[in-house]
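Structure, as structure tokens:
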Number of protein chains: 2
Amino acid sequence: MENVRNMFQLLSRNFGLLNEQCCDNCCGQDISLVQSHILYEINRQHHPSMQEIAGALGMDITTFSRQVKTLVDKGLVKKTPHPADNRINILSLTPEGLGIENNINVTVNAQLNGVLSTMSEFERETVIRSIKLLNDSMQKSASCCIPPK
Amino acid sequence: MENVRNMFQLLSRNFGLLNEQCCDNCCGQDISLVQSHILYEINRQHHPSMQEIAGALGMDITTFSRQVKTLVDKGLVKKTPHPADNRINILSLTPEGLGIENNINVTVNAQLNGVLSTMSEFERETVIRSIKLLNDSMQKSASCCIPPK
DNA sequence: GTCTTAAATTTGCAAATTACAAGTAATGAT
DNA sequence: ATCATTACTTGTAATTTGCAAATTTAAGAC
């Protein structure tokens, strides 16, 4: 049996490094890695509440609350009270926040495409399909990859 | 063109969650995620110095120094002065440290194999081969995944 | 051998990040 | 109206982080 963990450990480290470098370099602002994950997830979801984003990222809600606060202070995120329930805050990116998120997105994609460009067309497609497959399986698996609640 | 980043962002998050959960659950000790990366890398390399591990992980050397100190205090890591150069400390796992590293390894592997078990034999092999390929490409790529130094 | 320079690692410190517990405010149930 | 619950925010204290400055040891110049 393969040692699957080795591969994932390396992959996650490599991607972590890439991601962090991109955060530092591609946008004028200082965006930490967690903050980039928050921007990413707000952009991805549809009118998400605080809990939804914190839950998706597996972050403690109090830590999340503060991080959102600093993103709001930076002018990248907006909190809008839910019309039907004032306890709930709907999160969205400001135009500036969206700009930065896109910026990061473009930069990371460029880096990744650089990496993939060393492969043959066939390999590249296989790799992409594999990762999709893997993500699907992980989402389905109840035993892991689910934030602790 | 695919949005490659999306997939990687999800993958790295999923694996991060899995990894963190494993750190919490599988060994009696409290091991943080960074500490598990340190244990992993010390185990992987051959008589590594502090700088070599810190470099491989892309960690600031001062942060690393302190983390190693706590691992030494926990009795999981040993520092041995290099015989030919006393400035250098060679890092190694104590038997206890090795035990924990193995423990994490087994646990993470079990989780990952659980995820992979939902796939067909062919898919599973493809996925594993793809990740290997990807890691190789990332290591080769000078533009990213290289600690800032 | 002494002196200067460089390398490997460690501390001082101050800022950022984290999480538990306790708080506030809004909603829902009865 | 009252009580429990939900969504979120603070208080506070511990941990983590990284820059600058020290420390220790080694290597090279003379």
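Order of the sequence lines sets the chain letters (A, B, ...), proteins ahead of strands, with each chain counted from 1.
Between A/Ile61 and B/Asp60, the residue anchored closer to the 5' end of DNA chain D is A/Ile61, taking for each the nucleotide with the nearest heavy atom. Both B/Met50 and A/Gln35 lie near DNA chain C, and the one whose nearest nucleotide falls closer to the 5' end is B/Met50.
Distance from the side chain of A/Val34 is smallest to C/dT18 among C/dT18, C/dA8, D/dT17. With distances taken from any side-chain atom of A/Asp85 to the nucleotides D/dC8, C/dT27, C/dT17, the minimum falls on C/dT27. With D/dG18, C/dT9, D/dC8 as the candidates, the nucleotide lying closest to the side chain of B/Gln51 is C/dT9.
At D/dA26, one or more side-chain N or O atoms of B/Asn86 fall inside 4.0 Å of OP1 or OP2 (strictly under the cut-off). Of the side-chain N and O atoms in A/Thr63, none sit less than 4.0 angstrom from OP1 or OP2 of C/dT17. In this structure, A/Lys79 reaches the D/dT9 phosphate: one of its side-chain N or O atoms is under 4.0 Å from OP1 or OP2. One finds a side-chain N or O of B/Gln67 lying less than 4.0 angstrom from the OP1 or OP2 phosphate oxygen of D/dT17.
Atom CD1 of A/Ile88 and atom C1' of C/dT24 are 16 Å apart (whole Å). Atom-to-atom, CZ of B/Phe64 to P of D/dC19 comes out at 17 Å; the value is rounded to the nearest Å. If you measure from atom CG of A/Asp30 to atom P of D/dG18, you get 13 Å, rounded to the nearest angstrom. Note: CD1 (A/Ile53) to P (D/dC8) measures 11 Å, nearest angstrom. Computed from coordinates, the B/Lys69 NZ to D/dT23 P distance equals 17 Å when rounded to whole Å. Here the P atom of nucleotide C/dA15 and the CG atom of A/Asp73 are 17 Å apart, to the nearest Å. When rounded to the nearest whole Å, the span between CG of B/Asn89 and C1' of C/dT10 equals 10 Å. Rounded to whole Å, the distance from NE2 on A/His47 to P on D/dA7 is 19 Å.
Put simply, the side chain of B/Arg129 does not reach to within 4.5 Å of the side chain of B/Lys132, judged on heavy atoms.
For C/dC20, its base sits under 3.5 Å from the side chain of A/Thr62 at one donor and acceptor pair at least. With hydrogens and angles ignored, a donor-acceptor pair under 3.5 angstrom links the side chain of A/Arg87 to the base of D/dT6.
Using a distance-only test at 3.5 Å, with no hydrogens or angles considered, no donor-acceptor pair links the side chain of A/Asn105 to the main chain of A/Glu101. A side-chain donor-acceptor contact under 3.5 Å links A/Thr94 to the backbone of A/Leu76. Of the possible donor and acceptor atoms, one in the side chain of B/Asn14 sits under 3.5 Å from a partner among the backbone N and O of B/Leu10. Side chain of B/Thr126 to main chain of B/Phe122: a donor-acceptor pair is present (N/O by atom type, distance under 3.5 Å, no hydrogens or angles).
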